[in-house]
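One structure is given below, encoded as structure tokens.
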Amino acid sequence: MLKTHYDHNEVEQGKYQTWKDKGYFLAGDETKTKFSMLIPPPNVTGMLHLGHAWNTTVQDIIARYKRAKGYDVLWLPGMDHAGIATQAKVEARLREQGISRYDLGREKFLEKAWEWKKEYAETIHSQWSVMGLSLDYSRERFTLDDGLNKAVRHVFVTLYNKGLIYRGERIINWDPVFKTALSNIEVIHQDDKGKFYYFNYPLVDDSKNLLIATTRPETMFGDVCLVVNPKDERYLDIIGKEVINPANGEKIPVIADEYVDLNFGTGVMKCTPAHDPNDFLIGERHHLAHPIIMNDDATMNGNCPAEYVGLDRYVCREKLVEKLKQDGYLVKIEDIVHQVGHSERSHAVVEPMLKKQWFVKMGPLAKRALENQNTDDKVEFIPERFNKIFENWMSDCDDWCISRQLWWGHRIPAYYSKKDGSILVSEEPPADMENYVQDEDVLDTWFSSGLWPFSTLGWPNETADLKRYYPLDIMVTAYDIIFFWVSRMIFQALEFTDKAPFKKCLIHGLIRDEQGRKMSKSLGNGIDPFDVIKKYGVDALRYFLTTSTSPGLDTRYSDEKVKSSEAYLNKIWNASRFVLSNLEGEEKLDEEIDLSKLSLIDKYILTRLEKTITNVTINMEKYDFANASTHLYNFVYDDFTSWYLELSKVTMNHETKKVLLKVLKSIILMIYPYTPFIAEEIYLNLPYHGESICLEKYPEYEEKYVSEESEKIVSSLISMIKDVRSFKVDNSLAPNSKVRLYLNHVGNFDFQTILPYLKRFTFANEVIIDDESKKDFSSIYYIGELYIEEDLDKELLKKKFDEKIFAIKNELLRGDKMLNNPAFIAKAPEKKINEEKAKREKYLKELAEYQKKRDILN
RNA sequence: GGAGACUUAGCUCAGCUGGGAGAGCGCCACCCUUACAAGGUGGAUGUCAUAGGUUCGAGCCCUAUAGUCUCCACCA
């Protein structure tokens, strides 16, 4: 029997371990249709946050729903080594002990990193279990395990041999803190305050100056020329001439290139090919030198005048500006706000630098990904608009810089000959490894994540799992990693498996704090899901996360809403207690319900149940969990607890008890994917329950339980009761005050069937049916077919009637406007016209009745 | 500079393919009615951002405007 109070701690206790031990979450029943998904692997960098909780709960709902629907569900767990992020954490930990990774050396450092991984994997596992995620742990993977390493090497080598991976010297985004290259999307552009410095570059053999504006004076040491637009009439005569670079006194030429914008700045720009991507392209076109002027830590190098060597780039900037000011070259300084690139991980200002790195050639891969979206094999984004976001990015992306100057990750399988420096790219090290040196760099962490949908299933081996579960049915993720991850999975999958990696991609938003701000460490506004769980229970958190959210949109965390989720579960808990207490001692409740023995209200609730099952299922199939839960919520609160449970007390019998059991069971089966713990607890307390709710079937719509007629009659009954209640409040009568009711029998059903309920809920001491003599006494209140006799305030009654008459007249007006409109009659669908006509009839009748009663009062 | 989202009750948000404005929380009044006071009953509250347009009919479709937010982009 259920305890008097819903205590989430007690309810959650031990259940997950049992589910896991019993193997309920293991995939592999080949008699069923498969349904497969993978968890987006969390980084082994720390604790899971509310975003993870949201993302994984959505998947868990899908997994549990699909299992209940009879699928063989594979939900494969795993984690991501998260190269740069994890390495940063491990280095920070070492720094606390006063050591750097260089003190340890590569091998020892990696040992530390694996220790870190082990530690945090454990944390994540325990957090997954608290969340109740129905993961198949027997298939868990890690991006750095042997199988995935093999997949990564295979992909790298294959792409290299196809010419889709190349090594080249290009301008890349350099993170001077972590001292590694970054891909374009790892650079966050944000508005920073900066300055526009205007300098004079004196022309050689001329007294004139050229005015140049720059935001980065320190790069002047790397200037190789000035550039003007060949169409710019102002500067036609100076093209080909030389100027003095005031920073270092070197003579540099003025060249012409279409790139220069005539309307920006002074129309003349300086060109630093090694430290700016556009300057680099200009340099390529004009075969210019590209001197690098900074070290990896963004200090100035030997290509700068001695007094600046070793200075940090910003210190150098100040010093140089000061000097140029003294020398009379500085014309003015303007304050500006401009977009500056920062490293996603270190937040340092990214330095564009010319470096030799590995790249994936995106053109052909992107083309195929885009083309595939026009085929039957396309990935269906939910909501659909994310397809456009995906396509926009895909159709305009640069080559992907995949080498990272880190240690934690997949080491690039390229080997350089000690003899001649030639490159050997191969899945396995060369036999004569002593003659080679392996590339020091590792791959971008997203390189391996991009293979996740198939590498985790054993690819490149033709494993049974790969055959059965690939491609996946759905991928669930937040929109912020569409570029990082989703797009890469898609083009890698197409390239290596000739199929899209998943059929659907369900996109959800990000969770924000109560004020709508992003949760961040610096703001200190992060909310630990496990604090919330302690307070309200994991079921309440899960319910909140998946029901008060809208597809693809961000959501705000709301303590109030989690609380009300808990209140809802408490409601179900107590309703269950009521049902169970009524079932006690009853036998043969598992026998088929005898429709002929059902009361009016039993038929009513079954009808509402069947309709609810339909509505919930439709929305579950669309992965619209907010809508699905709303249908269930309304059924539970209104139909079931507010009305049926109360009404059932009046005519409780054996058949009603069967109905109570059936309806309760259906409710907990439908709430189960959202809130598995409380659902299991109640389930195990039901008579005739199975081993676990995890093994139960989802409720199915059954036509035989639907009775439109009963639904209609009980709806009238409910509105009568509501009217009497509201009548009492209006007349300051106690809710349980006795009344005498008169029913005028105009409907086509037997009023006797509703009498017991009407009496009980209106506290009527008498209900008189069809007594013509009682129709014109003065102290009455009339509602539909119902009269109430009482000593009443006539003025109040008049007012009530007048309000009602006014409302009906308004309705009539609305309808007449339509019906008197020839265009409406001509163009509106016939169904709608008939509806309006029927309403008109109904209102006219009501109006007449009310007016009659109103007249009696005068 | 492009792209997208959002603007509905005091607050947070629903409103499915156009056909009588909804929920939760909050608020007011009454009630410890035998599942539930984490409750029940009854109630108040909206020129659906603004202006046009399409339509018999617009919160919903189209256009423009304003405000908020996000993403993308190399403008020195």
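In what follows, chains carry the letters A, B, and so on, assigned in the order in which the sequence lines appear, proteins first and then strands, with residues in each chain numbered from 1.
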Remember a base hit wins even if backbone is also touched, and classify [X] as base, sugar-phosphate or nothing at under 4.0 Å, heavy atoms.
X	value
Lys839(A)	base
Val579(A)	nothing
Phe761(A)	nothing
Glu836(A)	nothing
Ser558(A)	nothing
Ala567(A)	sugar-phosphate
Asn278(A)	base
Pro829(A)	base
Glu835(A)	nothing
Tyr633(A)	sugar-phosphate
Glu566(A)	base

With a 4.5 Å limit on heavy-atom distance, are the side chains of Asn810(A) and Arg814(A) in contact?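 No, their side chains stay 4.5 Å or more apart.
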
For the residue pair Ile282(A) and Met269(A), establish whether any side-chain heavy-atom pair is separated by less than 4.5 Å.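 A side-chain contact exists here, since the closest heavy-atom pair is under 4.5 Å.
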
For the residue pair Tyr633(A) and Tyr568(A), categorise the inter-ring angle as parallel (less than 30°), tilted (30 to 60°) or perpendicular (more than 60°).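 Tilted.
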
For the pair Phe483(A) and Trp393(A), name the ring-plane relationship: parallel under 30°, tilted 30 to 60°, perpendicular over 60°.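 Ring orientation, 0 to 90° scale: parallel.
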
Considering only heavy atoms and no angle criterion, is a donor-acceptor pair shorter than 3.5 Å present between the side chain of [X] and the base of [N]?
X	N	result
Glu391(A)	A3(B)	no
Asn821(A)	C56(B)	no
Tyr568(A)	C36(B)	no

N or O in side chain of [X] less than 4.0 angstrom from [N] OP1/OP2:
X	N	value
Lys817(A)	C56(B)	no
Arg556(A)	C13(B)	yes
Ser550(A)	A14(B)	yes
Lys728(A)	G42(B)	no
Lys518(A)	C69(B)	no

Any sub-3.5 Å donor-acceptor pair from Asp398(A)'s side-chain atoms to Asn184(A)'s backbone N or O?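 No: the side chain of Asp398(A) does not pair with the backbone of Asn184(A).
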
